[in-house]
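The block underneath contains the structure these notes are about, expressed in structure tokens.
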Amino acid sequence: MFNLNKNAQKWAKRWEQAKIFEPEIDPKKKKYFVNAPYPYVNGYAHIGHLYTNMRIEACARFKRLMNFNVLFPMGYHCTGSPIVSAAQRVAEKEPKQIAILESMGFDKKEIEKFKDPVYWTKVFPKAWTEDLKELGFSIDFRRSFITTNLNPYYDKFIRWQFRTLKEKGLVMQGSHPVVWDPVEKTPIGDHDRAEGEGETPKDFIWAKFQLDDSDLILMAGTTRPDALYGQTNLWIDPNGDYVVVKVKNEKWVVGKDVLEKIEDQYAKPKVLRSITPKELIGKWVKGPIVKHKLYILPASFIDSSVGSGIVYSALEDPVDLLELHQLQSDKETIQKWNLDEKVVKKLKPIFIIKVPGMGENLGEDIAKEYNITSYKDTAKLEKAKGELNKRVFRKGVMNATCGVCKGKAVPEAQEYLKGSLVKKKEAIMFYELSGRVVSRHLNECTVKMVRDQWFIDYKDSKWKAQAHKALKSMKLYPEVIRDQFTYVIDWLHAWACAREKGLGTQLPFDEDWVIESLSDSTIYMAYYTIAHLIKKFPIAQVTDALFDYVLLGKGKAPNNKIEAMRKEFDYWYPVDVRSSGKDLIQNHLTFFLFNHTAMFPLKHWPKAMSANGWVTVDGQKMSKSKGNMILLRDLVKKYGVDASRLTILSGGEGIDDANWDSSFAETVNGKLEGIYTTCTDHYNKGRTGKKQAIDTWMENQLNSVTNQAINEMEQMQFRSAIQLSFFTLQRKIQWYLRRTQPNKQIINKAIETQLLLLSPFTPAFCEEVWESIGKKGFISSMTLPKPKQTKDVIDTEFVIEQTLKDIHALLKLLKLKTPKHVTLFVAPDWKYPFLTKLKESMKTHKDIGTLMKKLIGKDNAKETSKLIQYYIRNPAKMPDVILTQKDELAILEEAKPFLEKTFGCSVSIENAKDSSDPKAQQAMPSKVAIKID
RNA sequence: GCGGGGGUGCCGGAGUCUGGUCAAACGGGCAGGACUUAAGAUCCUGUGGCUUAGUGCCUGCGAGGGUUCGAAUCCCUUCCCCCGCACCA
């Protein structure tokens with residue numbers, strides 16, 4: 001057998017020379033445009049990339065087999081900050097970063113060059129192309145490109161896109177909270193954190209409480225604006241440090257540690273003076289929503305450095321309630337702060353929320369449930385409070401005392417109040433981290449409001465409706481991801497689409513900002529259709545008007561070259577299928593959808609999307625630390641091109657994770673060798689006459705397997721397709737060859753079909769065999785003949801396999817190795833119609849009585865009644881296929897030489913009717929009786 | 001917490017919509033046999049337990065309960081795992 005790796009190289013070169021993957025417009029052929037997200041090129045391709053891209057590659061090759069004119073392009077994504085920061089780290093000689101580059105095989109001298117971000121964008125796209133070519137990907141590399149202003153053509157395209165979006169009113173400016181590293185002065189995403197992954201800015205409000213006879217406002221933070229209806233008093237930290245600050249035109253009282261936060265999120269505060277708890281406790285304030293005033297009280301659980309440092313009390317909260325109970329009985333404290341005991345004692349919960357299954361007094365109820373007796377029981381109190389909040393949020397309904405919120409569910413009331421309080425300036429929005437976050441630079445992070453940020457307005461409801469519409473008409477592979485998309489479309493809000501740092505295209509209308517990576521990659525598939533042509537233009541001629549005409553058909557064609565691009569776009573668009581990892585459903589793929597509906601007319605909206613799971617390696621999650629991130633180039637060296645391609649796709653399908661199985665990969669080449677031998681040994685050899693049973697069987701099997709495989713590939717279910725074309729079909733062919741000397745035409749058809757079906761997965765191998773058996777032309781350019789729909793399958797395999805198994809079982813029982821003679825009894829002819837009828841009747845009737853009446857005739861009454869009882873009790877024994885006695889006899893007769901060869905003895909076939917042997921009576925349709933001598 | 005996907009043998013995974021033919025496809029691994037000087041490859045056979053002239057029984061599809069003559073499959077409850085929840089590739 002030939003060397004598989006050299007072979008792959010040989011064919012990759014030939015394909016390239018023949019340009020068979022560089023499709024041109026062909027009006028006679030239906031087009032098919034497939035693509036996957038271009039990779040971010042901060043490293044070599046690894047096994048995870050292989051999976052996603054192999055699915056598209058297999059799809060592309062499959063569609064060519066189905067006689068489509070297929071476009072499969074691939075670009076390279078350079079937009080964003082990772083390359084820039086990695087280059088920075090190289091410049092700083094950071095050991096980890098150096099080690100990463102070393103592990104990719106770069107030497108010291110070359111690593112030096114990586115301190116320039118541009119160098120990355122030269123090295124890795126080139127390396128990717130090499131890898132993909134080596135793997136035999138059927139990509140049109142003429143259309144490859146890199147993103148960012150390093151590529152002025154793409155840069156112009158993105159500028160055009162953003163101007164267009166802005167004209168449509170879908171780009172706007174605003175502010176939004178980010179997790180912020182105050183030292184590095186940069187937003188900190190999940191990946192840049194040493195601690196606190198998953199923590200986000202959580203929105204609070206700070207409600208304003210006006211101090212009586214004063215211009216001071218006490219700010220109290222809360223996540224529960226609904227509880228303002230139940231406010232009873234204000235808590236402050238009796239040992240805390242408070243300050244009076246001027247913010248905009250108001251004078252606020254807040255804890256002294258929150259000044260920086262106010263500046264980051266709201267406005268620069270000016271400290272006027274400090275203020276002691278003594279000056280506040282025992283005074284009255286007036287808060288939003290309710291009419292009554294609140295008394296300011298000290299509380300043990302308040303810390304002036306947390307939140308705003310002030311909290312309002314709603315006594316449905318167990319913490320507040322127990323604190324109050326404590327205070328009410330604590331004469332000493334009341335005296336110490338010179339409080340009015342009458343006022344304190346009078347305080348009691350105001351019931352505002354009804355939770356099914358709980359009494360009116362929620363705080364008391366939950367405290368009882370958790371067996372809490374003291375305000376000092378803080379651990380239990382925290383739990384109780386958490387549980388209560390959960391119940392309130394899920395099931396709570398605002399009761400009649402709640403004015404406009406009466407009858408509203410709690411979450412709804414919260415949203416409403418947040419909006420209306422801020423609008424009425426009775427509160428401000430404020431954000432706190434949901435947990436501690438430490439950046440990779442080891443700085444404690446805060447929340448910062450980024451101002452003048454540019455957004456793409458995905459919350460626009462008309463736009464959402466369009467996206468839903470697009471989704472509805474799309475095919476999804478697998479279909480189960482639809483709910484996820486629906487959810488994401490609804491959930492998506494405005495997306496901050498520009499950054500202050502990183503590679504990319506500058507926002508054309510605000511050049512201080514660079515468009516970030518998820519936003520410059522939403523409609524670039526359109527750019528593929530013209531990428532190879534546009535770069536022939538002088539850059540100055542690439543204008544908005546050009547894109548308007550080529551991509552939107554606006555205006556008139558200025559010249560033939562531009563007209564040619566318009567034709568190209570018009571022919572190839574829309575995208576027929578875009579596939580990616582499932583992680584991109586919630587951002588990229590949905591953006592892709594949104595932006596297409598905004599930019600293009602209906603006929604150019606994408607047709608289908610596909611998503612796949614992650615790759616595990618031998619059952620292990622892939623990660624750098626485990627050292628199982630296998631690079632493509634290493635993979636190919638170890639297992640070979642065809643084996644790598646086949647293994648990764650047979651590792652999984654659908655949305656589940658795919659497992660790269662090394663032991664399977666190791667066996668693939670052997671299996672291919674087997675197929676090679678079968679093909680070359682049997683192609684164009686065999687008899688001419690036709691055998692009724694086994695030849696028909698083979699033809700039917702071939703058609704049936706081919707049909708099934710095509711169906712699976714249509715659904716992008718490549719593992720199933722491999723299962724069928726690699727294993728099932730091979731097994732069928734083997735069985736056919738074992739059973740009989742093949743019919744020449746049939747075996748040729750089988751071999752050709754198998755090679756064609758395998759060609760999307762192991763193309764180089766298939767090309768070589770294709771050539772070896774004397775076929776002309778590339779198999780990669782062939783069309784798979786449409787298989788016939790199968791009918792009237794005479795299932796010879798079933799009958800013979802069953803018989804073989806039975807004989808084997810018998811031999812084992814008898815501890816016989818070499819029988820002298822085997823007699824096979826075929827069931828008497830009456831059993832065939834009888835069993836067929838019984839099988840049919842059992843579908844509708846289950847009771848023995850009815851069946852007896854229905855089926856027992858004059859003849860064989862005793863036996864039939866026994867059989868009915870037997871099959872009712874053991875429906876599993878009913879055979880799959882019931883042939884006619886005639887067919888069964890023919891099949892066995894035809895297989896006689898085969899059986900004799902298998903068991904090394906003579907075989908005779910008898911009709912049970914003509915035998916007096918007691919064993920003969922056991923014969924049933926599809927299950928011969930066997931006697932061994 | 002919210003949304004989505006899952007839990008089946010030594011392993012990867014079919015089967016779930018449309019309940020019965022399911023001790024469970026297909027593959028891997030393992031064991032035995034054939035071939036071979038030998039290894040590899042290939043082919044055959046086996047691979048839950050106990051039995052057994054081709055049969056029968058038990059156990060089994062995360063756990064518990066229900067519907068049904070019958071449940072991996074339908075319903076309810078519950079536990080566990082994975083992914084996403086953004087400003088980022």
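Chain naming here is simple, since letters A, B, ... match the order of the sequence lines and numbering starts at 1 in each.
- Here the side chain of A/Asn587 is nearest to one of B/rC87, B/rG27, B/rA89, namely B/rA89.
- The gap from the P atom of B/rC85 to that of B/rC69 amounts to 49 Å, rounded to the nearest Å.
- Straight-line distance from the CZ atom of A/Phe898 to the C1' atom of B/rC44: 11 Å, rounded to whole Å.
- The closest side-chain donor-acceptor pair between A/Gln173 and A/Asp452, if any, does not fall under 3.5 angstrom.
- The partner of B/rG54 is absent, by the rule that a Watson-Crick or G-U pair needs both atom distances under 3.5 Å.
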Dump every N/O contact between nucleotides 3-12 of chain B and the protein below 3.5 Å, one line per pair.
from: B/rG4; atom 1: O4'; to: A/Gln484; atom 2: OE1; distance (Å): 2.7

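- Among the heavy atoms of the strands lying under 4.0 Å from A/Ser81 are primed sugar atoms or P, OP1, OP2 only; no base atom is included.
- The aromatic rings of A/His588 and A/Phe592 lie parallel to each other, with less than 30° between the two planes, well short of the 60° mark.
- Look at CD on A/Gln730: it is 11 Å from P on B/rU42, rounded to the nearest Å.
- Ring geometry for A/Tyr487 versus A/Trp491: interplanar angle under 30°, hence parallel rather than tilted (30 to 60°).
- Between the CD atom of A/Glu666 and the C1' atom of B/rG40 there is a distance of 13 Å, rounded to whole Å.
- Using a 4.0 Å heavy-atom cutoff across all strands shown, A/Ile585 reaches no nucleic acid atom at all.
- For the residue pair A/Tyr639 and A/Ala665, the shortest heavy atom distance occurs at CD2-CB, 3.5 Å.
- The aromatic rings of A/Phe591 and A/Tyr458 sit parallel, their planes meeting at an angle under 30°, below the 60° perpendicular limit.
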